[in-house]
Amino acid sequence: MASTMLKLHTTRSWDFMDMERDGQILPDSIWKHGRFGQDVIIANLDSGVWPESNSFTDEEVVGEVPKRWKGSCSDTAKYGVSCNKKLIGARYFNKDMLLSNPGAVDGNWSRDTEGHGTHTLSTAGGRFVPRASLFGYANGTAKGGAPRARVAAYKVCWSGECAAADVLAGFEAAIHDGADVISVSFGQDAPVATVASFLQEPVTLGSLHAAMNGVSVVCSAGNSGPLEDTVVNAAPWVTTVAASTVDRDFPNVVTLGNNAHMTGMSLETTTLHSTQLYSMIKASDAALASSDPAVASTCPPGTLDPEKVKNKIVVCVRGGDIPRVTKGMTVLNAGGTGMILANGEMDGDDIVADPHVLPATMITYSEAMSLYKYMDSSKNPVANISPSKTEVGVKNSPSVAAFSSRGPSGTLPCVLKPDIAAPGVDILAAFTEYVSPTEVPNDERRSEYAILSGTSMACPHISGVIGLLKAARPEWSPAAMRSAIMTTARTQDNTGAPMRDHDGREATAFAFGAGNIHPNRAVDPGLVYDLSKEDYFVFLCSMGFNSSDLAKLSAGNFTCPEKVPPMEDLNYPSIVVPALRHTSTPAALEFGKDGEVKEFKVTFKSEKDKLGKGYVFGRLVWSDGTHHVRSPVVVNALV
């Protein structure tokens with residue numbers, strides 16, 4: 001049987017989340033309450049680690065490795081990873097991958113040759129490193145969420161894929177070794193198709209075992225947005241993270257021959273002569289005689305005619321399954337002098353800054369339409385692309401990233417996923433020096449730090465914050481920490497307006513869950529919605545699993561109740577009623593404060609004028625005048 005393959009979901013953020021201001025740590029910062037994550041252990045299941053990175057040195061580590069730690073650095077290969085008092089574990093798991101796709105395995109070692117694992121691990125728990133940047137962009141101090149945490153890398157992903165049995169082996173090792181938090185920035189391409197296959201999915205099963213052992217698991221929501229019902233890693237015992245923007249951009253300007261200007265985005269490392277206008281050509285018009293112009297329009301390698309492209313700015317269309325930086329390499333190899341990457345209609349206004357190999361920019365669909373109009377009306381269309389700059393304080397931030405996967409979860413429509421949003425766009429963090437930050441063949445540039453985007457980058461922000469909560473509130477369960485993060489989240493941007501989606505419309509809970517994380521509030525949320533492993537077993541009974549199905553997981557110590565409650569009764573920090581018929585009343589939601597437990601009921605009633613209009617969104621708020629404990633409420637009234 002072929003193994004299931006999971007995909008990797010590929011510093012301004014902490015300041016943007018109010019943990020510091022202009023480099024100064026604020027008095028009420030969770031960094032102070034959580035002692036910067038001192039001696040909390042964060043495990044990262046990913047593509048390994050680049051141990052030479054300054055993010056993982058132990059120069060400033062206080063004290064010895066916690067005695068409860070059972071892990072190690074197990075590499076025996078030349079250039080394998082060795083441990084120190086910061087990076088306390090590094091293991092690799094590739095038996096399943098060797099059976100399924102042996103060509104993907106680059107060696108028996110935990111060294112990161114891709115960069116993804118190094119980036120995510122340093123985001124969660126890397127130390128403070130001054131003067132970090134990518135080719136001069138985002139220059140400043142690189143910081144992990146829990147900079148005094150101990151970190152461990154479990155290499156379960158090879159060449160961008162993660163085999164199921166290797167993933168499960170990584171989970172079991174991290175649990176056994178003594179991790180407090182497990183960060184998982186990968187998942188299936190699509191949600192689990194059926195309830196029956198739910199517990200066969202490796203992240204679902206591995207994270208359940210972790211939750212049973214009191215270990216917090218944080219997962220990326222996936223990068224299949226903005227379509228609905230694309231969220232993955234949707235089990236209620238994991239914290240599922242969407243990606244949002246920060247208030248930092250890397251803009252540059254295209255100046256056309258008619259003096260029109262349009263703003264794009266780039267991290268290019270070379271620039272054009274500032275006073276010269278260069279001829280432009282559409283890639284479709286520059287196709288080789290042997291190439292289909294429609295295919296050449298997206299600039300795949302080997303499709304452009306050097307005689308038509310030489311010394312010109314080439315306009316390439318986004319998409320076509322061609323990496324964006326690869327398009328620029330195609331132009332450069334054909335003799336082009338610059339590239340404008342134009343969005344299609346489906347891409348809209350979603351533009352991304354990439355470290356291009358030549359002067360380049362990406363423009364929105366509306367700007368692309370204006371560009372084409374100018375080019376079609378001119379016998380010799382010309383343009384210039386200005387150097388990019390780093391701009392902070394961008395308004396209407398955060399917003400939800402277009403690529404971030406959305407709910408509702410088709411498998412578990414009664415559990416709101418994603419749970420929370422966190423910075424996941426243009427995130428600076430440590431990187432491997434084995435390959436270029438672009439991962440494009442023949443790009444010989446190297447950088448100790450890289451700027452990447454994805455829910456993979458959002459996930460470790462939450463992992464780091466949970467590490468801080470573990471240090472500040474060691475008595476809290478993983479469910480309590482997830483509750484604190486969710487009920488204290490923000491749903492407004494930096495102008496006070498509701499958070500927007502990528503298209504400028506108001507975002508919903510299916511895009512950002514409870515909202516964008518506000519870490520400082522999570523230390524003192526007022527109250528929490530808690531869950532035990534028995535609660536999760538009852539939930540599985542509600543899904544249709546029986547006592548026999550759960551016998552191995554529970555070691556025979558659990559039996560489904562005679563009267564199984566509806567799944568909506570789960571004591572979760574959000575409420576979803578996916579199919580309201582007349583009246584729905586969850587039996588009881590429990591919350592505790594200073595050990596006290598109280599119960600309340602929530603009753604939903606449908607109204608005739610609201611039927612058949614799809615999901616509606618609201619919230620439930622508890623307040624004592626100081627704390628405001630917010631839970632998103634999502635209801636679909638059918639009858």
Side-chain angles (χ1 to χ4, degrees), residues 12 133-140 245-283 286 299 309-318 324-332 334-343 347-375 377-378 380-397 425-426 428 437-438 440 443 445 447 450-451 453:
R12 176 68 180 167
S133 71
L134 170 64
F135 307 140
Y137 293 105
N139 187 41
T245 64
V246 296
D247 65 339
R248 179 180 63 195
D249 279 341
F250 302 96
N252 60 358
V253 176
V254 177
T255 300
L256 303 181
N258 61 0
N259 289 322
H261 298 81
M262 46 188 66
T263 300
M265 205 82 71
S266 183
L267 294 167
E268 85 290 333
T269 55
T270 59
T271 60
L272 298 175
H273 193 283
S274 62
T275 60
Q276 183 176 342
L277 292 175
Y278 297 80
S279 295
M280 285 192 295
I281 188 170
K282 297 176 186 175
C299 297
V309 167
K310 186 177 181 180
N311 296 329
K312 293 180 181 178
I313 294 173
V314 180
V315 180
C316 301
V317 177
R318 184 178 181 179
R324 295 184 297 271
V325 177
T326 298
K327 296 172 187 282
M329 185 69 78
T330 299
V331 173
L332 184 66
T337 195
M339 178 184 70
I340 297 175
L341 190 52
N343 271 2
D347 302 310
D349 292 339
D350 176 51
I351 55 177
V352 184
D354 292 305
H356 291 289
V357 295
L358 79 174
T361 192
M362 177 185 282
I363 58 174
T364 67
Y365 174 68
S366 59
E367 296 278 36
M369 291 299 98
S370 299
L371 175 65
Y372 297 146
K373 185 177 180 180
Y374 162 69
M375 295 181 73
S377 66
S378 174
N380 180 32
V382 293
N384 189 289
I385 304 170
S386 75
S388 297
K389 61 181 181 179
T390 301
E391 180 180 294
V392 296
V394 177
K395 297 301 182 184
N396 295 114
S397 302
V425 176
D426 294 337
L428 178 76
T438 66
V440 172
D443 184 356
R445 297 175 299 174
S447 176
I451 294 174
S453 297

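Sequential numbering from 1 along the given sequence is applied to the chain's residues.
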Seminar exercise, completed: To the nearest 0.5 Å, atom OG of Ser266 lies from atom NE2 of His356 at 4.5 Å
Seminar exercise, completed: Distance col, row Met362:CE vs Ile340:CD1, nearest 0.5 angstrom, shows 12.5 Å
Exercise. If only atom types and distance count, is the side chain of Thr263 paired as donor or acceptor with the main-chain N or O of Val253 below 3.5 Å?
Worked result: no
For this session: Work out which heavy atom in Ala383 is nearest to a heavy atom in Met280; give both atom names and the distance.
Result: CB-SD, 3.5 Å
Problem set entry | salt bridge (charged side-chain N to carboxylate O under 4.0 Å, His left out) against Asp354, all qualifying residues, sequence neighbours excluded | Arg324
For this session: Work out which heavy atom in Ile451 is nearest to a heavy atom in Leu134; give both atom names and the distance.
Result: N-CD2, 3.7 Å
Exercise. Can Asn139 and Thr390 be said to form a side-chain contact (heavy atoms from CB on, under 4.5 Å), step by step?
Worked result: CA-CA 9 Å; Asn139 187 41; Thr390 301; over 6 Å; no
Exercise. Does Val254 reach the side chain of Leu256, with side-chain heavy atoms less than 4.5 Å apart?
Worked result: yes
For this session: Report the residues that fulfil side-chain contact (heavy atoms from CB on, under 4.5 Å) with Asp347, sequence neighbours left out, ordered by chain and then residue number.
Result: Arg318, Asn343
For this session: Look only at the side chain of Glu268 and the backbone of Ser388, and say whether a donor-acceptor pair between them is shorter than 3.5 Å.
Result: yes
For this session: Verify side-chain contact (heavy atoms from CB on, under 4.5 Å) between Thr337 and Ile313, making sure each step is shown before the conclusion.
Result: CA-CA 6 Å; Thr337 195; Ile313 294 173; 4.1 Å; yes
For this session: To the nearest 0.5 Å, tell me how far Ile351 CD1 sits from Ile363 CD1.
Result: 9.0 Å
Exercise. Taking only residues two or more places apart in sequence, or in another chain, which ones meet Lys282 in a salt bridge (charged side-chain N to carboxylate O under 4.0 Å, His left out)?
Worked result: Asp376
Exercise. Do you know the tightest heavy-atom contact between Ile385 and Ala360?
Worked result: CG2-O, 4.0 Å
Exercise. Can you name the nearest heavy-atom pair linking Asp426 to Ala353, along with the distance?
Worked result: OD1-O, 3.9 Å
Could you tabulate the donor-acceptor pairs under 3.5 Å formed by side-chain atoms of residues 366-373, not counting sequence neighbours?
{"residue": "Ser366", "atom": "OG", "partner": "Thr364", "partner atom": "OG1", "Å": "3.2"}
{"residue": "Ser370", "atom": "OG", "partner": "Ser366", "partner atom": "O", "Å": "3.4"}

Problem set entry | Atom pair CZ (Phe250) and NZ (Lys389), whose distance is rounded to the nearest 0.5 Å | 13.0 Å
For this session: Output, in order, the C-alpha distance, side-chain angles, deciding distance and verdict of side-chain contact (heavy atoms from CB on, under 4.5 Å) for Ser279 and Asn380.
Result: CA-CA 7 Å; Ser279 295; Asn380 180 32; 3.3 Å; yes
Seminar exercise, completed: Between Glu391 and Pro251, the two heavy atoms sitting closest are OE1-CG, 3.8 Å
Problem set entry | Asn259: side chain to side chain donor-acceptor pair (under 3.5 Å) partners, not counting sequence neighbours | none
Exercise. CZ/Arg445 to OG1/Thr438 distance, rounded to the nearest 0.5 angstrom?
Worked result: 5.5 Å
Problem set entry | Partners meeting salt bridge (charged side-chain N to carboxylate O under 4.0 Å, His left out) with Asp247 (sequence neighbours left out) | Arg12
For this session: Find out whether His273 and Tyr278 are in side-chain contact, i.e. whether some heavy atom of one side chain is under 4.5 Å from a heavy atom of the other.
Result: yes
Problem set entry | Spatial distance of atom CG (Asn252) from atom OG1 (Thr271) [nearest 0.5 Å] | 11.0 Å
For this session: Mind listing the closest non-hydrogen atom pair of Ala286 and Ile281 along with its distance?
Result: CB-CD1, 3.8 Å
Problem set entry | Identified side-chain contact (heavy atoms from CB on, under 4.5 Å) counterpart of Val325 within the set Val357, Leu358, Leu341 | Val357
For this session: Could you give me the CA-CA distance, side-chain angles and deciding distance for Tyr374 and Val382, then say whether side-chain contact (heavy atoms from CB on, under 4.5 Å) is met?
Result: CA-CA 10 Å; Tyr374 162 69; Val382 293; 3.9 Å; yes
For this session: Determine yes or no for a side-chain-to-main-chain donor-acceptor pair under 3.5 angstrom, with Thr330 supplying the side chain and Thr326 the backbone.
Result: yes
